Each structure stands twice: as C-alpha cells, then as structure tokens.
Amino acid sequence: VTADQIRSHTEPPREVKTLVRDWTEDSFYDPNYGYFSRQATIYTSSDELGLITMRSAAQFQDTMARRYLGWYGGDKPFYRQAIAKCLVSEHLLKYFLYEDLVTYEIGAGNGSLSIDIIDYMKLEYPEVYERTQHYIIEASTKLVEIQRAKLLPRHPLVTLNLKSVFDWDIVSPLFPFPESTDFPSG
C-alpha cells in the first residue's frame, strides 16, 4: 500500500506490504497518528527542566530553546552566519541583478535557524534581504504555530506552508516534479 492510500486511516496499518518511502511518510506525516502531526516535541525523562510544572508545549519549547542555546547557536552563531554568507554570496555572484533570493527550509522546528540566518542577512546585506522570499515547509501544526509567532512579526518575507514535503505541489527549480523534463541545466 502507499501512504496516499492509507491517509484516511485513524490507526497505522498492520500486516501490509509497503515501500520504505511510504512507510516513512505514513509514520512521520500521517495527519491522524504521524509523529510530526501528533507529537513534534522533544522529550526527556528527567525533570531537571521542571516538566511537571510546565503548562504548555510552548513553555516547553521555550525552556528547551534556552537550555540548548549555547550548544547549537547563541554564543556560537558562526554556523548560522556561514549558511547566510554562503547563500548571499552565491546569490550576489550569479543572480542578484536578475532574480530575488528564494530559500526553502523543510522542517524548521522552532524557527531559530531561520531567525538567525534572516536576521544576519537583514543586518549585513539589507539589499538582498529586501529581495528575499523564505518558504518553510512544515508538517506539524504545533511547530507552525511557534514559527508563526516567532518569525512573521519580525520577517514578513517568510511564508509558512503547513504540509508534508511529500505533498509539496509548487514547481520551482529546486523542487521539479519527477515526471518533469524541465530541469535546470548547469
């Protein structure tokens, strides 16, 4: 069976044959029981964060973001700045006079990577920032709500798309449909 055939099921199928890609899509993205549709929060069995007293998933996300800020960003923003510099320098070399910078992020989590990259672009390359479109493809309603609260007030160039990447239906040079023969050369 394919993920499309079982999308309306309310429980995972049992004793069926399926391809790995369909099993993956179903397990992660099914709207009724998929991981990203139902859970999409980080879990820890320890209560050192005060999980028992937390009132919402948003409070949990904020606590986790503060805890891991120093580990993956915060005091070491070089990784995110390097991504921004790479995107901008490639764009300036080849496309700036002719095209806007269009970026896609699949599964943006709580939006911190997007915020840091786009903040850096706004500060260091305002002429590119003004001509940037940033699309997020996110399967989790919970994470889209967090992204909407964090990103949209700050960066109106962001467009949130609540859907599985497997359901992405917008044709672009980065996401040509498999049956398309109109691939960019180069």
Side-chain angles (χ1 to χ4, degrees), residues 1-44 56-65 68 72-73 79-80 83-84 86-87 90-91 99-119 121 132-184:
V1 297
T2 67
D4 288 338
Q5 292 171 325
I6 55 177
R7 190 164 307 216
S8 62
H9 291 193
T10 57
E11 295 181 0
R14 298 183 188 278
E15 299 181 25
V16 297
K17 290 184 179 180
T18 187
L19 297 175
V20 171
R21 70 174 178 228
D22 290 308
W23 178 86
T24 302
E25 179 179 353
D26 181 61
S27 299
F28 287 124
Y29 300 106
D30 185 277
N32 297 304
Y33 52 80
Y35 173 78
F36 289 112
S37 304
R38 306 284 292 161
Q39 297 176 29
T41 53
I42 302 166
Y43 173 75
T44 179
S56 67
Q59 186 179 5
F60 173 78
Q61 291 286 346
D62 287 342
T63 301
M64 293 304 292
Y68 289 104
Y72 67 84
Y79 172 72
R80 294 164 186 200
I83 293 172
C86 181
L87 290 169
E90 185 73 13
H91 182 70
E99 300 176 23
D100 291 349
L101 173 60
V102 180
T103 58
Y104 294 86
E105 185 172 0
I106 300 169
N110 66 11
S112 60
L113 178 66
S114 292
I115 288 171
D116 288 348
I117 289 173
I118 298 170
D119 279 353
M121 286 172 47
T132 297
Q133 301 166 41
H134 184 74
Y135 295 94
I136 293 176
I137 306 164
E138 180 64 65
S140 167
T141 304
K142 293 175 187 177
L143 293 177
V144 165
E145 290 169 6
I146 292 168
Q147 295 160 9
R148 181 175 288 117
K150 287 184 171 185
L151 284 161
L152 295 186
R154 210 166 159 157
H155 299 295
L157 56 88
V158 173
T159 302
L160 300 172
N161 298 279
L162 177 59
K163 60 173 52 182
S164 162
V165 69
F166 295 112
D167 294 328
W168 186 248
D169 54 359
I170 297 174
V171 179
S172 79
L174 296 176
F175 292 104
F177 286 112
E179 57 272 2
S180 170
T181 56
D182 188 22
F183 289 90

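Treat the numbers as computed from the prediction; the structure is a model and nothing was measured.
Remark: L162 CG to E138 CD distance equals 8.0 Å, nearest 0.5 Å. For the atom pair CD of Q5 and CG of D26, the computed distance is 11.0 Å after rounding to the nearest 0.5 Å. The structure places CE of M121 at 6.5 Å from OG1 of T103, a figure rounded to the nearest 0.5 Å. Of the inter-residue distances, the one linking R21 atom CZ with T2 atom OG1 reads 9.0 Å to the nearest 0.5 angstrom. Taken from CD in E105 to CG in N161, the straight-line distance is 12.0 Å, to the nearest 0.5 Å. Taking CD1 of I115 as the reference point, atom CD of Q147 lies at 9.5 Å (rounded to 0.5 Å).
For S114 against H134, the heavy-atom pair with the smallest separation is OG-NE2, 3.1 Å. In terms of heavy atoms, L157 sits closest to I118 at CD1-CD1, 4.0 Å. Between L113 and I83, the closest heavy-atom pair is CD1-CD1, 4.2 Å. Of all the heavy atoms in T18 and V1, the pair that sits closest is OG1-O, 2.7 Å. Between V165 and I106, the shortest heavy-atom distance links the atoms CG2-CD1, 3.7 Å.
Using cut-offs of 30° and 60° on the angle between ring planes, the pair W168 and Y104 is perpendicular.
Under the salt bridge (Lys or Arg N to Asp or Glu O under 4.0 Å) criterion, D22 pairs with no residue at all, not counting sequence neighbours.
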Side chain to side chain contact (heavy atoms under 4.5 Å, CB included) evaluation trace for I136 with L151:
CA-CA 11 Å; I136 293 176; L151 284 161; 3.5 Å; yes

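The residues D119 and R80 are annotated as not salt-bridged, no charged nitrogen and carboxylate oxygen being separated by less than 4.0 angstrom.
When side chains are defined from C-beta on, T132 does not count as touching H91, because their heavy atoms never get closer than 4.5 Å. K150 places a side-chain heavy atom less than 4.5 Å from the side chain of D62.
Within the 3.5 Å criterion, the main-chain N or O of S112 finds a donor-acceptor partner in the side chain of N110.
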